[in-house]
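Encoded as structure tokens, the structure appears first; notes follow it.
Predicted model, so just to flag it, every value in this text is computed and none were measured. Ligands are counted one by one from 1 in listed order, and the atoms in each one are counted from 1 as well.
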Amino acid sequence: MGAPEDGQPPVDWDSLTFSFTETDRMFVANGSWDSGWSDGAIIDFQPLQLSPAACVLNYGQGLFEGMKARRTPDGRVTLFRPEMNARRAAEGARRLVMPEIPESMFIRAVKSVTDENRRWVPPHGKGELYLRPILFGSSARLGVSPADEYMFVVFAVPVGPYFKGGMTPISLRVSQNHHRAAPGGSGGVKAIGNYAPGMMPSKRAKSEGYSEIIYLDAVEHRYVEEVGAANFFCVKGETIYTPELTGTILPGITRLSIIELAKSMGLEVIEEKVPIDFALGCDEAFCAGTAAVISPIGSIQHGDVEENFGSVGKTTLALYDRLTGIMGGAIEDPFDWTLEV
Ligand SMILES: *Cc1c(COP(=O)(O)O)cnc(C)c1O
């Protein structure tokens with residue numbers, strides 16, 4: 001063919017960061033309550049046209065997903081548990097009164113966007129192709145009620161580490177005045193409206209030298225919820241603790257995979273409320289998500305108290321090695337988590 005997109009993309013694989021780059025193609029499908037979903041199609045990457053009265057712009061009726069395609073050492077390209085993202089998006093759609101994307105369509109969309117942007121999948125070990133499925137109410141709506149029409153779009157961006165420095169332990173600060181989600185709200189789904197309110201406290205902490213903030217629960221301001229947009233883990237002895245899913249915490253697929261992996265490695269995993277004071281007394285702490293993968297926590301500032309966890313702990317490192325090994329295809333996948341594109 002000789003089309004320009006057959007060649008090397010204009011990317012320096014060695015200096016990838018977690019930032020936006022326009023790629024070749026994206027997937028778009030249209031849906032409505034009356035006629036369901038169109039098949040959708042792959043089109044060139046381009047801006048969308050929306051009414052200024054679109055429900056998503058005025059009332060935040062939308063959700064997103066985040067997942068990664070990776071290149072294996074032998075050059076194949078795989079996705080990690082994409083059916084879990086499909087199911088979480090379907091749950092989110094129900095919460096936000098949007099028509100669900102059938103799981104088969106979701107998988108078809110993320111596979112074809114990966115395939116169509118294959119040249120943007122970084123070489124093994126250099127980064128990943130981050131896929132961003134979004135679902136939102138696209139038609140005009142003046143009163144606060146669900147849109148009639150919806151769009152499901154998937155685009156892709158090559159990315160490097162979410163936190164600068166990769167496995168260098170990050171420093172965090174507990175947010176004293178802001179909370180991410182309240183009981184009965186939308187914290188348990190990837191609703192777009194959950195994220196802008198976190199920008200101000202997060203930006204402030206970053207300007208003071210921290211990598212991110214830790215949110216405590218909104219009722220007692222005592223239990224750890226999440227680290228920005230990643231789940232929290234701490235390790236004491238041979239036991240791993242992570243906050244239980246109470247509806248205010250996003251059910252991360254990385255979180256679930258770490259729990260399953262740790263149990264298979266003979267470690268004990270306890271899902272319960274994790275008081276911040278308990279977390280501060282642990283041997284190791286890390287956060288986990290698709291973007292962050294597993295990021296070791298080096299220190300946590302909580303009011304006047306600063307807890308230092310030191311260098312990367314052995315359990316954190318063991319989980320990191322096994323999880324990234326399975327994800328990247330460098331070690332065997334006994335769980336059948338990866339799907340080849
Ligand atoms: C996406 C997200 C996570 C991590 O979920 P993964 O499925 O592991 O990527 C954790 N917390 C929040 C708030 C998130 O938005």
Side-chain angles (χ1 to χ4, degrees), residues 18 60 62-70 79-93 95-96 106-107 110 128-135 154 156-157 159 161-163 170 172 175 178-183 185-199 201-202 205 211-218 223-234 240 242-262 269 271 274 285-295 297 319-320 323-324 326-327 335 337-339:
F18 197 87
L63 61 75
F64 67 96
E65 271 299 329
M67 51 208 296
K68 284 174 169 174
R70 294 176 171 84
L79 294 167
F80 185 72
R81 309 184 84 173
E83 70 286 353
M84 303 303 289
N85 296 90
R87 289 170 204 165
R88 186 169 66 190
E91 254 171 57
R95 179 67 181 84
L96 301 177
F106 186 100
I107 305 281
V110 293
E128 304 89 17
L129 185 70
Y130 184 78
L131 299 170
R132 177 47 70 78
I134 53 177
L135 166 64
V154 184
V157 181
V159 298
Y162 188 68
F163 293 115
I170 55 174
L172 301 175
S175 178
H178 299 93
H179 297 99
R180 197 187 81 88
S186 59
V189 301
K190 269 177 124 66
I192 58 173
N194 290 344
Y195 297 84
M199 291 177 184
S202 171
S211 295
E212 243 318 335
I213 48 175
I214 294 186
Y215 288 111
L216 302 185
D217 75 284
Y223 301 104
V224 177
E225 296 235 308
E226 301 206 44
V227 177
N231 294 113
F232 180 84
F233 288 81
C234 52
I240 299 175
T242 193
E244 64 182 327
L245 301 176
T246 53
T248 55
I249 291 171
L250 198 286
I253 294 156
T254 318
R255 174 189 180 279
L256 175 68
S257 305
I258 288 167
I259 293 170
E260 294 174 358
L261 194 60
V269 182
E271 292 180 68
V274 178
F286 62 89
C287 62
T290 297
V293 194
I294 287 180
S295 291
I297 297 171
L319 288 167
Y320 176 87
L323 184 63
T324 56
I326 292 171
M327 285 174 158
F335 303 97
W337 280 342
T338 50
L339 176 73

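- Residues passing the side-chain hydrogen bond (donor to acceptor under 3.5 Å, both in side chains) test with Arg87, sequence neighbours excluded: Glu103.
- Ionic pairing of Glu65 and Arg88 is present here: one or more N-O contacts between side-chain nitrogen and carboxylate oxygen are shorter than 4.0 angstrom.
- Counting only residues at least two apart or in different chains, side chain to side chain donor-acceptor pair (under 3.5 Å) contacts with residues 246-255 comprise Glu225-Thr248, Thr246-Thr248, Arg255-Glu271.
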Return a table of N or O atom pairs, ligand 1 on one side and protein on the other, at distances under 3.5 Å, rounded to 0.1 Å.
{"from": "ligand 1", "atom 1": "7 (O)", "to": "Arg88", "atom 2": "NH1", "distance (Å)": "2.8"}
{"from": "ligand 1", "atom 1": "7 (O)", "to": "Arg88", "atom 2": "NH2", "distance (Å)": "3.1"}
{"from": "ligand 1", "atom 1": "7 (O)", "to": "Ile253", "atom 2": "N", "distance (Å)": "2.8"}
{"from": "ligand 1", "atom 1": "8 (O)", "to": "Ile253", "atom 2": "N", "distance (Å)": "3.2"}
{"from": "ligand 1", "atom 1": "8 (O)", "to": "Thr254", "atom 2": "N", "distance (Å)": "2.9"}
{"from": "ligand 1", "atom 1": "8 (O)", "to": "Thr254", "atom 2": "OG1", "distance (Å)": "2.6"}
{"from": "ligand 1", "atom 1": "9 (O)", "to": "Thr290", "atom 2": "N", "distance (Å)": "2.9"}
{"from": "ligand 1", "atom 1": "9 (O)", "to": "Thr290", "atom 2": "OG1", "distance (Å)": "2.6"}
{"from": "ligand 1", "atom 1": "11 (N)", "to": "Glu226", "atom 2": "OE1", "distance (Å)": "2.4"}
{"from": "ligand 1", "atom 1": "15 (O)", "to": "Lys190", "atom 2": "NZ", "distance (Å)": "2.7"}
{"from": "ligand 1", "atom 1": "15 (O)", "to": "Tyr195", "atom 2": "OH", "distance (Å)": "2.4"}

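- Side-chain atoms of Ile134 and Leu63, non-hydrogen and from C-beta on, never get closer than 4.5 Å to each other.
- In this structure, Tyr195 has its ring center closer than 6.0 angstrom to the ring center of Phe64.
- Qualifying ring pair (Phe, Tyr, Trp, His ring centres under 6.0 Å) partners for Phe80, counting only residues two or more places apart in sequence or in other chains: Trp337.
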